[in-house]
Amino acid sequence: MKNKVSIHWFRQDLRIQDNPSLNHLSKNYENIVCVYILDEINCDRTIGSASKVWLHNALEDLNQQLNGNLIFLSGDPLKVLDELTNFFDVEEISWNRCYESWTINRDKKIKEYLKKKIKVSSFNGLLLWEPWEVLKDNGTPYKVFTPYYKRGCLSKPPPREPKETNLKIYDHNFKQTSLKDLKLLKNKKWEEKILTNWKISEVEAKNTMKSFFLNGVSDYSEGRNFPSKKNVSRLSPYIHWGQISVNTLWHNAMKISRTINSNSAEVFMSELGWREFAYYLLFHSPNLQTKNLQNKFDRFPWNNDERFYNAWIRGKTGYPIIDAGMRELWQTGYMHNRVRMIVGSFLVKNLLHDWRRGEAWFWDCLFDASTASNSASWQWVAGTGTDSTPYFRIFNPITQSQKFDPDGAYIRKFIPEIKKLPNKYIFSPWETPINLQQELSTIVGQDYPRPIVEIKSSRELALSAFASIKQN
DNA sequence: CCTGGAGTTGTCCTA
DNA sequence: TTAGGACAACTCCAG
């Protein structure tokens with residue numbers, strides 16, 4: 001046993017603690033080799049620009065925790081792992097499962113191949129319930145969230161309790177590899193700026209959880225709707241990259257729920273449930289990212305006007321709440337959940353753009369972008385999913401911002417050029433009397449754009465377009 | 001097989 | 001000023 005080596009393959013589980021695969025190996029082996037493989041060969045699309053930045057920093061932290069023993073390689077994991085098993089005297093290799101169809105197919109192939117030589121194991125380190133375990137009585141998958149979550153998930157045995165990993169660090173003698181060789185960083189100026197609001201490490205993931213449970217969660221169910229309040233967890237990137245396990249969050253939230261009066265901890269848990277549901281939909285509908293779940297939307301007359309799209313991605317639509325959200329995304333790699341719905345509804349239903357273009361932009365810009373959550377959420381907001389918002393539910397950017405950013409703090413933070421406008425006009429700058437615009441040197445059409453579409457008429461256009469694809 | 005209640009997050013108009 | 005219904009009809013789900 002002494003010289004025998006095992007390999008843990010890091011993927012979407014960039015943590016030491018409560019890592020089922022690492023836990024398994026550390027129980028049985030003294031020597032664990034840890035490897036990360038950047039796979040740009042099998043993937044159906046490369047990871048987004050913001051994601052690469054997060055990944056780079058998360059790997060750096062992980063490597064530090066491993067005393068510099070994390071091996072960084074890129075290429076086809078089958079070949080890479082094959083080489084590693086030739087170099088070391090490997091008895092077992094293991095990893096935590098991923099759920100995109102391309103990863104499932106790839107991993108299956110790798111498993112079949114390596115099994116001929118060594119022991120291969122995989123674990124659930126990403127989800128609370130495996131997608132194939134939650135089914136209706138008739139054996140088919142759920143399509144609606146509430147019954148999926150309440151009857152499907154909550155009636156199952158509770159998710160596994162988190163477990164500390166007791167890992168002995170193994171100083172291996174494999175050739176020196178460098179994180180830099182993965183070439184994840186490119187645009188230094190933007191990368192520095194986008195990182196100013198984040199600390200990317202496993203410890204910081206835990207700190208973020210603690211401070212959320214201490215300060216944010218008690219008023220989460222109401223406060224989470226207000227982008228300038230501190231009631232959202234901002235845990236999504238850490239969760240996505242596996243720097244904290246959902247099991248840790250679930251069981252801690254459960255404890256908190258017994259100590260507070262509101263139902264806020266349960267609401268937070270159901271948000272974890274929505275993440276589960278996204279992975280569930282992806283598993284049972286592998287084309288979630290590219291195909292409308294309701295195929296009648298395949299004949300929807302999207303407009304896809306480039307000028308509209310460019311104004312949207314740059315945060316220059318003339319609607320402050322939309323522009324603030326899109327700039328938050330670009331500047332911080334994150335967007336508040338309510339604002340994601342507002343900008344999504346606007347792109348699809350006021351600008352009549354195919355949700356897949358929005359999904360692609362979010363994929364490139366979000367630190368927390370996962371194929372599962374990103375695609376499922378866009379299908380929800382577009383109304384193309386099976387369990388999604390009805391087509392006539394169109395968010396009004398003005399009333400939404402009046403309601404959820406009542407003092408305009410969020411808008412002013414991300415659109416400094418209109419910060420001098422009084423509250424009366426901050427949600428609809430074009431209504432500011434011209435003499436006031438001059439007095440405040442905030443000229444609409446010059447310092448800040450006029451609205452690119454009119455809300456009322458674009459809404460009516462959308463309603464008739466949606467009516468045109470009705471079943472008969 | 002049939003039945004009936006329900007479906008994350010809205011808006012607008014009318015009385 | 002405010003509360004309630006229309007917006008559309010469909011599919012899902014469980015008894």
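Here is the naming used below: chain letters follow the sequence lines, and residue numbers restart at 1 for every chain. Just so it is clear, the values below take in all heavy atoms, side chains as well, and ignore hydrogens, waters and symmetry mates.
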Checklist line | Contact under 4.0 Å: A/Tyr391 side-chain N or O vs C/dA8 OP1/OP2 | finding: yes
Checklist line | Aromatic ring of A/Trp380 stacked on base six-ring of B/dT8, 5.5 Å, 30° | finding: no
Next item on the list: Validate the cation-pi geometry between A/Arg459 and A/Phe392: distance from NZ or CZ to the six-membered ring centre under 6.0 Å, angle to the ring axis within 45°.
Entry: no
Check: With both distances kept under 3.5 Å, what pairs with C/dA9, Watson-Crick or G-U wobble?
Finding: none
Notebook entry, point to check: Within less than 4.0 Å of OP1 or OP2 of B/dT9, is there a side-chain N or O belonging to A/Arg393?
Noted result: yes
Check: Between B/dT11 atom C1' and A/Gln402 atom CD, what is the distance in whole Å?
Finding: 13 Å
Check: Rounded to whole angstrom units, what separation is found between the OH atom of A/Tyr148 and the P atom of B/dT8?
Finding: 14 Å
Next item on the list: May I ask you to check whether A/Trp355 and A/Phe297 place their ring centers less than 6.0 Å from one another?
Entry: no
Next item on the list: State whether A/Asn396 places a side-chain N or O below 4.0 Å from either non-bridging phosphate oxygen (OP1 or OP2) of B/dC12.
Entry: yes
Margin query: I want to verify a distance call: between B/dG7, B/dT11, C/dA14, whose nearest atom is closest to the A/Gln400 side chain?
Written below: B/dT11
Note to self: Below the 4.0 Å mark, does C/dT11 have OP1 or OP2 next to a side-chain nitrogen or oxygen of A/Thr386?
What the structure shows: no
Item checked: Separation of atom CG in A/Asn350 from atom C1' in B/dG10, rounded to whole Å -> 13 Å
Next item on the list: Establish, yes or no, whether the cationic atom of A/Arg338 lies under 6.0 Å from the six-membered ring centre of A/Phe404 and within 45° of the ring axis.
Entry: yes
Notebook entry, point to check: Given atom CZ of A/Phe395 and atom C1' of B/dC12, what is their separation to the nearest angstrom?
Noted result: 15 Å
Notebook entry, point to check: Is the distance between the ring centroids of A/Trp274 and A/Phe145 less than 6.0 Å?
Noted result: yes
Item checked: A/Met341, nearest nucleotide to its side chain (from B/dT9, C/dA8, C/dC12) -> B/dT9
Checklist line | For atom CZ of A/Phe392 and atom P of C/dA9, their distance in whole Å | finding: 11 Å
Next item on the list: In whole angstrom, give the distance that lies between atom CD1 of A/Ile394 and atom C1' of C/dC7.
Entry: 10 Å
Margin query: Less than 4.0 angstrom between a side-chain N/O of A/Thr146 and OP1 or OP2 of B/dT8, yes or no?
Written below: yes
Checklist line | Candidate list A/Phe414, A/Phe362, A/Trp198, A/Tyr238, test ring-ring contact (aromatic ring centres under 6.0 Å, His included), partner A/Tyr334, passing option | finding: A/Trp198
Checklist line | Interatomic distance at P, C/dA8 relative to B/dG5, whole Å | finding: 23 Å
Note to self: Nearest to the side chain of A/Asn337, heavy atoms from C-beta on, is which of B/dG7, B/dG10, B/dT9?
What the structure shows: B/dT9
Check: Do any side-chain nitrogens or oxygens of A/Tyr142 fall under 4.0 Å of OP1 or OP2 in C/dA14?
Finding: yes
Notebook entry, point to check: Just to confirm, is there a sub-4.0 Å distance from OP1 or OP2 of C/dC12 to any side-chain nitrogen or oxygen of A/Arg151?
Noted result: no
Notebook entry, point to check: Does a side-chain N or O from A/Gln294 land closer than 4.0 Å to OP1 or OP2 of C/dT11, or not?
Noted result: no
Next item on the list: Indicate the atoms forming the closest heavy-atom contact of A/Tyr425 with A/Glu431, along with that distance.
Entry: CE2-O, 3.5 Å
Item checked: Distance between P atoms of C/dA9 and B/dT11 (Å, rounded) -> 22 Å
Item checked: Gap between atoms CZ and P, on A/Phe277 and C/dC12 respectively (whole Å) -> 11 Å
